[in-house]
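Below you'll find the structure, written out as structure tokens, and then a few comments.
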Amino acid sequence: MKKEVASRAFFLLLSKLVPLIVQLLIIFIFSRRLSYDDYGKYQSIWLYMNVLSAIGLFGLPALLLSTSFTNIIYWMKENKRTVVPIFLLLNLLPIVYIFTIAQYLGGITSFLLLATIIAQNISIITEALAVKNEREKNVVAANVIFAVLFLALHLFVLDNGYSLIKLLPGLMAIYLLKALLLFNIKHFQTGNAASLKFINNTGKQWFYLGINDIVGMLFKWLDKWVILLLLTSAQFAIYFNGAYEVPVFGLMISAAGSIMLVELSKDNTTIAEQATQIFKSTSLLLASIVFPSFCFLLFYNQEFFLLFFGAKYEASIPIFLVSIFILPVRIINYTAVLQVLHRNDLVVKGALIDIVAAILLMLILYPLLQERGIALAFVISTYVQVGYYLFQTGKLINKKLFDFFPIKQLLLIMLFSIVIMLASKYALILLSSTYKLMAGILICIVAILLLILYHLKMAKKNY
């Protein structure tokens with residue numbers, strides 16, 4: 001099982017990695033060539049697309065991964081009088097918001113944005129179904145094609161009179177192409193009523209997943225939304241770059257988390273032992289990548305940030321330095337067991353605790369630290385949420401925290417990462433900024449490879 005999980009997670013991670021590289025390249029280019037105002041508006045488009053997409057889909061992708069497609073279709077047919085009005089209402093909200101609050105975009109841009117969100121939602125659903133049916137290689141191919149076209153579109157628009165009106169139709173087209181590449185009629189076939197399990201629980205779990213997705217996405221973008229509403233597009237651009245979370249870590253969790261959900265949902269009779277093995281293996285593997293990377297960004301923050309964004313965004317560095325402290329907890333999907341055991345009520349409670357804590361901390365910290373206070377509020381609230389999820393997971397599988405979550409080993413990996421990267425920082429102090437950064441990256445990569453090899457060696461020995 002471990003080999004299968006690792007293999008499928010690798011392909012899923014690979015499917016996200018190429019678009020991620022393209023995304024970072026576009027940020028690198030656009031932050032230099034666009035004005036503060038144009039760059040701020042460009043990034044605000046992704047804010048709207050991500051948040052409004054989460055509202056419109058209302059947890060459907062997560063439900064597809066953790067619940068039988070037959071269950072979902074059967075439940076929707078049985079409750080169509082409830083489902084249809086709610087679906088229409090949820091998808092009406094983005095229309096109202098964009099044409100009222102986001103008037104600065106203009107009528108044509110707003111219409112194109114809505115059409116692009118619909119295309120994006122279709123591609124998200126088809127990708128979730130492909131993962132559910134274990135077609136990760138197809139997902140890799142579709143995402144590589146998407147990434148190539150995504151980059152080509154941005155460069156073409158940038159070199160031919162940049163505007164959102166030119167960019168959005170192209171985005172809509174490549175999202176639809178991706179959906180077409182992943183579409184398979186077999187994914188939409190349903191079994192008979194005899195194969196149904198937990199049918200009466202489907203609607204309840206969908207509700208909790210939808211609320212959790214919306215709250216989670218709002219939390220991810222709330223700080224930027226506040227900045228966008230209160231300050232100018234230029235100030236939003238400076239904050240956005242500083243608070244930008246390096247997305248590769250989120251993608252690793254997403255890839256591993258999707259496979260965790262599928263594997264854990266296959267057989268709930270041994271959920272405690274499965275969860276223990278998967279939590280330990282996944283967290284140690286991802287920590288071997290995340291912890292050295294975090295320490296590299298911590299000790300080489302100025303060199304890295306100025307290389308990536310340029311001196312133009314030097315004012316973003318203090319915000320960036322605070323924001324990266326969220327990375328050490330990006331090592332596992334903490335809600336996987338809760339979702340598989342249909343305790344999405346606890347997932348929602350954790351999300352609500354997260355966002356309430358963030359808002360309260362913002363009110364306290366913003367007067368003291370300004371924009372850095374907003375970033376710090378979200379870091380602290382995330383740690384609170386993680387603690388809540390681990391506590392509830394332990395209760396459900398009747399395990400103590402140290403039994404299923406390897407805290408001691410994780411602390412040792414962090415200590416190793418701190419020592420290696422801090423020592424390299426002082427050893428390279430006489431080098432120029434560029435050479436220091438290159439050497440730091442190389443040392444970080446070596447540290448990651450050593451930790452991964454050690455983890456794989458120990459996993460082989462234990463199992």
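Since the model is a prediction, treat every value here as computed from it, not as a measurement.
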Side-chain donor/acceptor of Lys166 to backbone N/O of Asn160, under 3.5 Å: yes
Between Lys178 and Phe146, is NZ or CZ placed under 6.0 angstrom from the six-membered ring centre and within 45° of the ring axis? yes
Is there a side-chain contact between Ile319 and Ile374 (heavy atoms, below 4.5 Å)? no
For the residue pair Leu168 and Leu113, what are the closest heavy atoms and their distance? CD1-N, 3.8 Å
Restricting to non-hydrogen atoms, name the atom on Cys444 and the atom on Phe296 that form the minimum distance, rounded to 0.1 Å. SG-CB, 3.9 Å
With distance as the sole test, does Tyr366 use its side chain to make a donor-acceptor pair with the main-chain N or O of Ala377 at under 3.5 Å? no
Between CG of Asn333 and CG of Leu286, what distance do you get to the nearest 0.5 Å? 10.5 Å
Residue pair Asp354 / Tyr388, side-chain donor-acceptor N/O under 3.5 Å: no
For Ile278, is there any backbone N or O sitting under 3.5 Å from a side-chain donor or acceptor partner on Ser281? no
Using modelled atom types only, decide if a donor and an acceptor are shared between the side chain of Ser316 and the backbone of Ile238 within a distance under 3.5 Å. yes
Any side-chain heavy-atom pair of Phe404 and Leu390 under 4.5 Å: yes
Between Ser53 and the options Leu57, Ile55, Asn50, Val51, the side-chain contact (heavy atoms from CB on, under 4.5 Å) test singles out Leu57
Pairwise distance CD1(Ile214) to CG(Leu52) - rounded to 0.5 angstrom: 10.0 Å
What pair of heavy atoms forms the shortest contact from Tyr389 to Val347, and how long is it? OH-O, 2.5 Å
Is Pro169 close to Leu112 at the side-chain level, that is, under 4.5 Å between some pair of heavy atoms? yes
Determine the minimum heavy-atom distance between Ala147 and Val18, stating which atoms define it. CB-CG1, 3.7 Å
Measure across Val290 and Arg330 and return the closest heavy-atom pair with its distance rounded to 0.1 Å. CG2-O, 3.5 Å
If I take atom OG from residue Ser31 and atom CG from residue Asn241, how far apart are they, to the nearest 0.5 angstrom? 6.0 Å
Run through Tyr162, Phe240, Phe309, Trp46 and flag the one making a ring-ring contact (aromatic ring centres under 6.0 Å, His included) with Phe30. Tyr162
Do Leu149 and Tyr175 have side-chain heavy atoms sitting under 4.5 Å apart? no
Please report the interatomic distance CZ(Phe305) to CG(Leu297), rounded to the nearest 0.5 Å. 11.0 Å
Heavy-atom side-chain contact between Ile29 and Leu155 under 4.5 Å: yes
Can you confirm if the NZ or CZ of Lys312 lies within 45° of the ring axis of Tyr36 and under 6.0 Å from the centre of its six-membered ring? yes
Do Tyr42 and Ile26 have side chains that approach each other closer than 4.5 Å (heavy atoms only, starting at C-beta)? yes
Is Asn143 reaching over with its side chain to a backbone N or O of Val140, donor-acceptor style, under 3.5 angstrom? no
Counting neighbours of CZ on Phe111 that are heavy atoms of other residues, nucleotides or ligands and sit closer than 6.0 Å, is the number greater than 12? no
Ile331 and Phe405, any side-chain heavy atoms less than 4.5 Å apart: yes
If you look at every heavy atom in Gly170 and Leu153, which pair is closest and at what distance? C-CD2, 3.4 Å
